[in-house]
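Only one structure is covered here, and it is reproduced in the block below.
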Amino acid sequence: MMTAAIVAREVVKKYASVTALDGFDLEVAEGTVMGLLGPNGAGKTTAVRVFATLIQPDSGHVEVAGIDVVANPRAVREVIGLSGQYAAVDELLTGYENLELIGRLYHLGKKGAKARAEELLEQFDLTESAGRRLKEYSGGMRRRLDLAGALVRKPKVLILDEPTTGLDIRSREATWEAIGELVASGSTLLLTTQYLEEADRLAHRIAVIDHGKLIANGTADELKDQVGGHRLEVALRDAADLDHARAVLAPIGHGEPVATQEDRRVVVPIAAAGGVLVEGVRRLDMAGIEVIDASVRRPTLDDVFLALTGHRTDKAAQNGEGVKAEETKNEEPVR
Amino acid sequence: MSAVGLAVGDGVVLAKRNLTRTLRVPDLMMSSLIMPIMSTLLFAYIFGSAIQVPGVSYTEFLLVGVFVQTVVFNSVITGSGLAEDIQKGIVDRFRSLPISPYSVLIGRTISDLANNVLSIVVMVATGLLVGWRIDSSVGEAAAGFVLLLLFAYALSWVLAVVGLSVRAPEVVTNASFMIIMPLCFIANTYVSPEGFPAVLRVIAEWNPVSAVTQAVRELFGNTNPDFPPGAAWPLQNSILASFLWIVVMLVVFMPFATSRYRKAVAR
Ligand SMILES: Nc1ncnc2c1ncn2[C@@H]1O[C@H](COP(=O)(O)OP(=O)(O)OP(=O)(O)O)[C@@H](O)[C@H]1O
Ligand SMILES: [Mg+2]
C-alpha cells in the first residue's frame, strides 16, 4: 500500500473576517506530485502555510511525512522544503550567502553548507550571479534562488507555492526540470499553481480548492471526463455583445453558456460535436453579432476549473501569458 | 545538541547574518559608527567647552552620558530589524527550517550587542583623542564596560517588544523614540537632575539610565563634584541598582518578547 506524504483532514483556519480553510481535506501519496489549483483567495497559501508549520490550524488534523504538524513541528521542518508565494530572500546578502545561510540553519556544517550552495547555484544557472546581492537580481532570478533554498536539504516533502509565477519560459522549463529530478529521486511535491499547463505537465493528480474546501480531486484526464462532453467556444469582436451572445447560444447548449469579459469569449458546453459549430455561428450572425473565432473542442483543464469554480483562472483569462504585474520584470538584466 | 546549545548556535549564525547586513546598509553604519563619533566630538567640543568648570573636566563627565545615550539609541535597531524581517517574509523562511524557536530573537539581540561593542570601541577611541580618560583601575574600567553592555543587551529585549507589537517597520522607529527619548533625557546623562522640577526629578532619579550612567561614571572614575549624583537610593547605590534593573528587564522582557514574537509570526 502507498503511504501518504501529506494527509489533511477537516482542516479549519479562520482569520478575523474570513474562513480561509473550511474543512479542507487532502491526501498526497508518497513520491507523487500533487497540483493544488484554485482561484485567488481560495485558501491555497493558507493550506501551504499549515503544512509547512508556519501557522496552526484552528481544528482538524494534518500529517506531513507521517508527523503531526501541530504536535511536532520541529520534526516536520527536518523533512520539508518550502518556497512560499513571495520569494523570501535576503536582499542584502549575495546569492551564495543566502543559500549558505540556509545550509547552516539546516545544520549541514560550514563545509556542507558551502558545497550544497555551490551545487544549487550551478543547478539553477546562477553561478555567474553567485557573488551579487539579491537586490541586484531580477524577479525571476530571485524566484529561482528562493526555490533553490527549498532544496538545500533534499527534502522528503517539497512544498512550492506558485513556484513559476513571474518566470519566463526558459526559467520555467529549467525549474520544471529541477523539480522533475527531485521527484524522480523519490521526493513528494505539493505545488500550487495558476498555470493549468503546469499542473497538466507536472502533477500526477490535481486537487481543486475553492472557498477553503476541496471541490475536486483526480488526474487531469479524470477531471476532464468528469466535466464531460465538448465545448463550443466563440470569440466576439465586441465585448458589449457578450450577454446577447449567451442568450442566443443558450438553446443549442447542454448547460449554461459562460462569458469571459477579458478575452470576449463565450464557452458553451455541448453534448455532441456534430453540426453545432455551424449552427452556433449562424445564430450569432443572424443576431448581428460579429464573430472573430469559433471552435469546438474537448474540455481543457481550464474548462474544468471554470465548471467547478464558476470562473477561469487569472492566467487563462490573460491568454495563458499573464504574470503578476509586480513580477513582470525582465529576466537577467545584464547580458 | 541541547536546546540551549541549539538556540545559541542558530542564534550566532543569524547574528552573523544581521551584522553582515548592518555593514552593508549605509543608514545602519551611520547610526552605529558615524553617529557615536560625531556625538563624542560634538559633546566634547561644543558642550564641554561651553560649560567651563575650573579644575575639573566636564568632558569626562559628559562622555559617559554620550556612551549611554548611544547604546540606548542603538537598541532601536532590535525592534526595527525584527519588524522588517517579519514583514519581508524572511522570518517565515527561517521558521520553515529546523531551528530553535528562540534563535531569531537570540540572533537579533546578539548582533545588536556586537553592534554596541563596535560603537563603544569607536567612541572610546574618539574620546581618548579629545582628552577623555578613565581614572580608575583596569578591573573597574572593565566592569564599567560590562555593565554598559549588559544594560544595552537588556534594553534590546525591551525594544524587541516594541518592534514585535507595532510591526510596521516604518512606525517602529517612531514608537521606539517615544520610549527612548524620555529615557535618555529625563536622566543624569548630561546634567544633574537636582535642578529638574519635582516630578521630573523623581523620574530621573529612578530612571534605569540614570543608575547605569552614574554607575559607569563611578567605575570609570569620571564623577564630577560639581554634578553630585543626588541623594536618591538608586544613585547612591548605582552599581547595585543597575544590576537590579538589568535583571528585572531581562526577566520581564525576554518572555514578553518571546510571546510577542510567537503572535507576530503566526499570522
Ligand atoms: N494573514 C491573514 N489575515 C487575514 N486574512 C487572511 C490572511 N491570509 C489569508 N487571508 C484570507 O484568507 C483567504 C485565503 O487566502 P490565501 O492566501 O490562502 O488564498 P490563495 O488561494 O493562496 O490566493 P492567491 O491565489 O491569491 O495566492 C483570503 O480570503 C485571504 O484574504
Ligand atoms: Mg496564495
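Given the structure is predicted, the values throughout are model-derived calculations rather than measurements. In the text below, chain A, chain B and the rest are named by the order of the sequence lines, each starting its count at 1.
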| Does the pair A:Leu105 and B:Leu14 meet the rule for a side chain to side chain contact (heavy atoms under 4.5 Å, CB included), with working shown? | CA-CA 8 Å; A:Leu105 294 174; B:Leu14 288 172; 3.8 Å; yes
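- Residue B:Val25 touches chain A through its side chain alone, counting heavy-atom pairs closer than 4.5 Å.
- Interface check for chain A: of the options B:Val91, B:Asp85, B:Asp10, the most heavy-atom pairs under 4.5 Å are formed by B:Asp10.
- The backbone N or O of B:Ser96 sits nowhere less than 3.5 Å from a side-chain atom of A:Arg77 that would complete a donor-acceptor pair.
- Contact count versus chain B (heavy atoms, under 4.5 Å) is highest, among A:Thr46, A:Ile102, A:Ile159, A:Val76, for A:Ile102.
- Few gaps surround CE on B:Met254; more than 12 heavy atoms of other groups in view lie less than 6.0 Å from it.
- Here the side chain of B:Arg93 pairs no donor or acceptor atom with the backbone of A:Val89 at under 3.5 angstrom.
- Atom OH of B:Tyr102 is surrounded by 12 or fewer heavy atoms from other residues, nucleotides or ligands within 6.0 Å.
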| message | Checking A:Leu93 against B:Thr20 for the side chain to side chain contact (heavy atoms under 4.5 Å, CB included) test, could you report, in this order, the C-alpha distance in whole Å, the side-chain angles of both residues, the deciding distance, and whether it holds? | response | CA-CA 8 Å; A:Leu93 299 187; B:Thr20 309; 3.9 Å; yes
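- Here the CZ atom belonging to B:Arg24 is positioned 7.5 Å from the CG atom belonging to A:Leu92, to the nearest 0.5 angstrom.
- Between atom CD1 of residue B:Ile90 and atom CG of residue A:Asn98 there is a gap of 7.0 Å, rounded to the nearest 0.5 Å.
- Contact of A:Glu97 with chain B is made through the side chain alone, with heavy-atom distances under 4.5 Å.
- In this structure, A:Arg104 contributes its side chain and B:Val13 its backbone to no donor-acceptor pair below 3.5 Å.
- Here the closest heavy-atom approach between residue B:Arg95 and residue A:Leu54 is recorded as NH2-O, 2.8 Å.
- A heavy-atom distance below 4.5 Å is found between the side chains of A:Arg49 and B:Asp92.
- The 12-atom threshold is exceeded at CD of B:Glu170, counting heavy atoms of other residues, nucleotides or ligands nearer than 6.0 Å.
- In this structure, the separation between CD on A:Glu100 and CZ on B:Arg17 is 13.5 Å, given to the nearest 0.5 Å.
- Annotation: side chain of A:His107 is in contact with side chain of B:Leu6 (closest heavy-atom distance under 4.5 Å).
- In terms of heavy-atom pairs under 4.5 angstrom with chain B, the leader among A:Val79, A:Asp146, A:Val152 is A:Asp146.
- No other option in B:Pro98, B:Ala266, B:Pro101 has as many heavy-atom pairs under 4.5 Å with chain A as B:Pro98.
- The shortest non-hydrogen separation linking B:Gly89 to A:Ala88 is O-CB, 3.3 Å.
- Between B:Ser100 and A:Arg74, the closest side-chain pair of non-hydrogen atoms is not below 4.5 Å.
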